[in-house]
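Heads up, the thing below is written out as structure tokens.
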Amino acid sequence: MRIDILTLFPQMFDGPLSESIIKRAQAAGLVEIHLHDIRDYSTDKHRHVDDYPFGGEAGMVMKIEPVAAAIDDLKGQRHYDHILFMTPDGERLCQKMSNQLSLAGNIMILCGHYKGIDYRIREHYITGEISIGDYVLTGGELAAAVVVDSVVRLIPGVLSDEMSALTDSFQDNLLAPPVYTRPAEFNGWRVPDVLLSGNDALIAEWREQQAYERTLRLRPDLLGPDTSAPSAKPHRKKNM
Ligand code: 6GU
């Protein structure tokens, strides 16, 4: 997979994309992530990328020319399966969207800033608009990093088998069960006995029940509209 990110602040991605699993995915050649500074596409002598809005609202708007030039430049080099715009009024990111995006070959992500972007960009170039939640960030960069992280970890080969994305919270609409490691007792706080029992079937059953109970208590919305009916209990895939 190749991901091209268009931004006014490429350095905001230094941390999230150069550590841990995402770093290893790039080193292993499983994903290429390219950052493009939109300012490099500005042709005006002060390298302006924003301007006052028509109609006189407050705040600055990202200009169409440099953004269009950047997108056209990249589109001229390869086909993009998705050209995404990060914006708080976009579709809320969820695991299903990340799963779908992880199947793509080439993705372009445009990060908005200031009061918004000239709407013609959104009308004529953008194929999908994504928000990461109902709150406002100073720009789309942190949100884009979240999208990239959630998508890249789903690319086959990025996670080892023991980290398998199949058992993630949300992958099957259930929150993950609690996990513990040694020591079995700390400050008098004991790990649940069943996990020390060595009985795999019992442990699997306990995990399934914990996942269901935690989801019912913390995120009943994930279980659907009718969680009181016994039939609403979802079938959980057994860990492989
Ligand atoms: Cl994608 N951008 C901004 N600026 N704020 C957000 C967001 C995106 N998603 C949630 N809040």
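The first residue of the sequence shown is numbered 1, and numbering continues consecutively from there. Everything numeric here is computed off the predicted structure, so don't read it as measured data. Every number for a ligand or one of its atoms is a count from 1 in the order of the listing.
- Side-chain contact check for Val148 versus Ile5: some heavy-atom pair is nearer than 4.5 Å.
- Among all non-hydrogen protein atoms, the one lying nearest atom 2 (N) of ligand 1 is Pro88 CD, 3.5 Å.
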Before giving the answer on side-chain hydrogen bond (donor to acceptor under 3.5 Å, both in side chains), spell out for His79 and Asn106 the whole-Å C-alpha distance, their side-chain angles and the decisive distance to 0.1 Å.
CA-CA 7 Å; His79 168 77; Asn106 300 317; over 6 Å; no

Stepwise side-chain hydrogen bond (donor to acceptor under 3.5 Å, both in side chains) check, Arg78 with Tyr80
CA-CA 6 Å; Arg78 66 193 64 76; Tyr80 285 89; 2.7 Å; yes

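- Among all non-hydrogen protein atoms, the one lying nearest atom 11 (N) of ligand 1 is Tyr135 O, 2.5 Å.
- Per-residue contacts place Met86 under 4.0 angstrom from the following atoms of ligand 1 (heavy atoms of the residue considered): 1 (Cl).
- The line from CG of Asp118 to CD of Glu123 is 8.5 Å long, rounded to the nearest 0.5 Å.
- Taking each of Gly133, Cys111, Gly139 in turn, the one with a heavy atom nearest to atom 10 (C) of ligand 1 proves to be Gly133.
- Atom 4 (N) of ligand 1 has as its closest protein heavy atom Leu137 O, 3.1 Å.
- Minimum interatomic distance between Asn173 and Thr215 (heavy atoms only, all atoms of both residues): O-CG2, 3.9 Å.
- The nearest non-hydrogen atom to atom 9 (N) of ligand 1, considering only Ile132, Ile109, Leu93, comes from Ile132.
- Contact atoms of ligand 1 toward Ile130: 1 (Cl) (distance under 4.0 Å to a heavy atom of the residue).
- Only the backbone of Thr87 comes within 4.0 Å of ligand 1, counting heavy atoms alone; no side-chain atom from C-beta on gets that close.
- At a heavy-atom cutoff of 4.0 Å, ligand 1 is contacted by the side chain of Ala143 but not by its backbone.
- Note that CD1 of Ile203 and OG of Ser197 are 4.0 Å apart. Values are rounded to the nearest 0.5 Å.
- Asp4 and Arg2 are joined by a salt bridge, as a carboxylate oxygen and a charged side-chain nitrogen come within less than 4.0 angstrom of each other.
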